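The structure appears below as structure tokens.
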Number of protein chains: 2
Amino acid sequence: MARVTQAQAQQNRERVIAEAARLFRERGVQGVSVTDLMAAAGLTHGGFYKQFTSKEALIAEATGRAFGELGERLAALDEQHSGDHPAARRELLDYYFSPEHRDHAGQGCPATALGGDMARESPDSPAREPYADGVRDFARWMADGDDEDLVAIATMAGALMLSRATAGTELSDRILTAARRSLDDRAADRGQAPS
Amino acid sequence: MARVTQAQAQQNRERVIAEAARLFRERGVQGVSVTDLMAAAGLTHGGFYKQFTSKEALIAEATGRAFGELGERLAALDEQHSGDHPAARRELLDYYFSPEHRDHAGQGCPATALGGDMARESPDSPAREPYADGVRDFARWMADGDDEDLVAIATMAGALMLSRATAGTELSDRILTAARRSLDDRAADRGQAPS
DNA sequence: AGGCTTAGATGACGGACGTCATATAAGATG
DNA sequence: CATCTTATATGACGTCCGTCATCTAAGCCT
């Protein structure tokens, strides 16, 4: 009920951040209370402010964590395809526009799942920096030749958001397949007819 | 402090819906309380449930209202350009990717501003239907020849969301201009080289 | 071993939440 | 002008919110 090893405490802290990274994406920043977070980590709400200065500070850490997970996944894809980046990119798109991804926001793309919340954070919220950094890194990975493929990310995030918002209708699936085809076409255009 | 003309009451109801359509887009569904809504319409919170069965029901009405406003604006654009739809479309894009639109979500595109919230609404929330209908109508308007231009809407919504989430950084502006150029190019391709 | 430190638990705060029962007073009807 | 009706106001309910002061017990250090 009280003190715990430093290692254990550090581990608890990590678990809170990991749960936050998942739950914020799933239910939204406003849809998760400090009590929820601590309970998800097996603790009570009171200890929260021993580990974090505020909920806002945790949002920033959880955002960084979520984008960190994404970065690891992207690196793993590159490794899997041993340097064939276009192939890795295609596999990412397979996942990105899948019903699985649509239906499990908690494990999915943070740019999309946290975008709406981030847009409403105060202009100087500490969460905005890790978010923007994460988007930049993601855009850099998506680029096959450009510096950053911001439009690809926009199409991906928009299609995923709309698909989630219309889940349960035939529209939801059509959005995913239409976006997937469009990104394939654009990549092919660039590959076959580079200007 | 009490009774009011039927006309006046109807007007009050309209004002609540209009304020909801604005505030939900601006602060998010969870960021606006019933008390906020009624206060914005110059009333106190108690009368709310004489007009609406629940907050969820108001979300549905406000979503329909927001998309209705969008529809009127699109029709006005067509009229302004007297049937030259591609020109009307270009003018919409001018607005859509403008910093003004990014910085005033309350008056802006409901597909983007409400998308994140809608994705988290319960699967049978009454708000999902007007949202999906609104997206469908919007996609139909955007199409220059296809049945529906779902990919254009996805790129627009995604770019606007990311631009808002990264507002204050140079990235935010670059997302808007990159998306704008991409949509212009795609429209030009379709116009010059129809397959 | 004993004192210092601190992770976490407890419980409280002021306020806001969605909802509703009740009261009030003004429009509608006669 | 009296009565019926009803739109809005008042005020309360139980719950949850983010935050924090306080307590406690166990890890850490000498």
Side-chain angles (χ1 to χ4, degrees), chain A residues 1-21 23-24 26-63 114 117-118 120-122 124-127, chain B residues 1-21 23-24 26-63 117 120-122 124-127:
Chain A
M1 321 305 177
R3 194 95 188 275
V4 135
T5 331
Q6 285 186 1
Q8 179 62 252
Q10 178 61 22
Q11 196 177 322
N12 287 343
R13 183 192 158 87
E14 291 296 313
R15 200 157 64 246
V16 172
I17 297 174
E19 288 295 334
L23 289 172
F24 284 158
E26 203 166 290
R27 303 189 210 157
V29 160
Q30 303 210 36
V32 184
S33 70
V34 169
T35 305
D36 292 338
L37 254 3
M38 294 299 274
L43 304 171
T44 58
H45 68 282
F48 182 84
Y49 291 89
K50 283 276 155 41
Q51 292 283 6
F52 307 99
T53 65
S54 68
K55 190 188 183 185
E56 220 186 23
L58 175 62
I59 296 171
E61 289 214 55
T63 301
L114 298 175
D117 296 292
M118 207 56 59
R120 285 157 187 154
E121 283 288 307
S122 100
D124 46 72
S125 161
Chain B
M1 318 302 178
R3 192 93 189 277
V4 135
T5 334
Q6 285 187 1
Q8 179 62 254
Q10 179 61 23
Q11 195 176 323
N12 286 343
R13 183 192 157 86
E14 292 295 313
R15 200 157 64 246
V16 172
I17 297 173
E19 288 294 335
L23 289 173
F24 284 158
E26 203 166 292
R27 304 189 210 157
V29 160
Q30 297 191 312
V32 184
S33 70
V34 168
T35 307
D36 292 337
L37 253 3
M38 294 299 275
L43 305 170
T44 58
H45 68 281
F48 182 84
Y49 291 90
K50 279 274 153 31
Q51 293 284 5
F52 307 98
T53 67
S54 68
K55 192 188 183 186
E56 220 185 24
L58 175 62
I59 296 170
E61 289 214 56
T63 301
D117 296 293
R120 285 158 187 154
E121 284 289 307
S122 99
D124 45 72
S125 161

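These figures come from a predicted structure and were not determined experimentally. Letters go in sequence order (proteins before strands), and every chain restarts at 1.
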Counting only side-chain nitrogens and oxygens, does [X] get under 4.0 Å of the OP1 or OP2 atom of [N]?
X: B:K50; N: D:dT8; answer: no
X: B:Y49; N: C:dT19; answer: yes
X: B:T35; N: C:dC17; answer: yes
X: B:N12; N: D:dA7; answer: no
X: B:Q51; N: D:dT8; answer: yes

Would you kindly give the [atom1]-to-[atom2] distance between [X] and [N], to the nearest whole Å?
X: A:L43; N: C:dT10; atom1: CG; atom2: C1'; result: 14 Å
X: B:M38; N: C:dG18; atom1: CE; atom2: C1'; result: 13 Å
X: B:Q30; N: C:dC17; atom1: CD; atom2: P; result: 12 Å
X: A:L37; N: D:dT19; atom1: CG; atom2: C1'; result: 15 Å
X: A:R13; N: C:dG8; atom1: CZ; atom2: P; result: 11 Å
X: B:F48; N: C:dG18; atom1: CZ; atom2: P; result: 8 Å

For this session: Would you mind classifying the nucleic acid contact of B:S33 as base, sugar-phosphate or nothing, using non-hydrogen atoms under 4.0 angstrom?
Result: sugar-phosphate
For this session: For B:V16, report the nucleic acid contact type (base, sugar-phosphate, nothing); a contact means any heavy atom under 4.0 Å.
Result: nothing
Looking at every heavy atom in both [X] and [Y], which two are closest together, and how far apart are they?
X: A:I59; Y: A:A127; answer: CG2-CB, 3.7 Å
X: B:V32; Y: B:L23; answer: CG2-O, 3.5 Å
X: B:F24; Y: B:A62; answer: CD1-CB, 3.9 Å
X: B:L58; Y: B:A20; answer: CD2-CB, 4.0 Å
X: A:E121; Y: A:V29; answer: OE2-CG1, 4.3 Å

What protein N or O atoms touch nucleotides 11-14 of chain D N or O atoms at under 3.5 angstrom, if any, and at what distances?
from, atom 1, to, atom 2, distance (Å)
D:dG11, O6, B:H45, NE2, 3.1
D:dA12, N6, B:H45, NE2, 3.2

Exercise. Has the side chain of A:R15 got a donor or acceptor atom that lies under 3.5 Å from a matching backbone atom of A:A41?
Worked result: yes
Exercise. Should B:Q30 and A:R120 be marked as a side chain to side chain contact (heavy atoms under 4.5 Å, CB included) after you check the CA-CA gap, both sets of side-chain angles, and the distance that decides it?
Worked result: CA-CA 11 Å; B:Q30 297 191 312; A:R120 285 157 187 154; over 6 Å; no
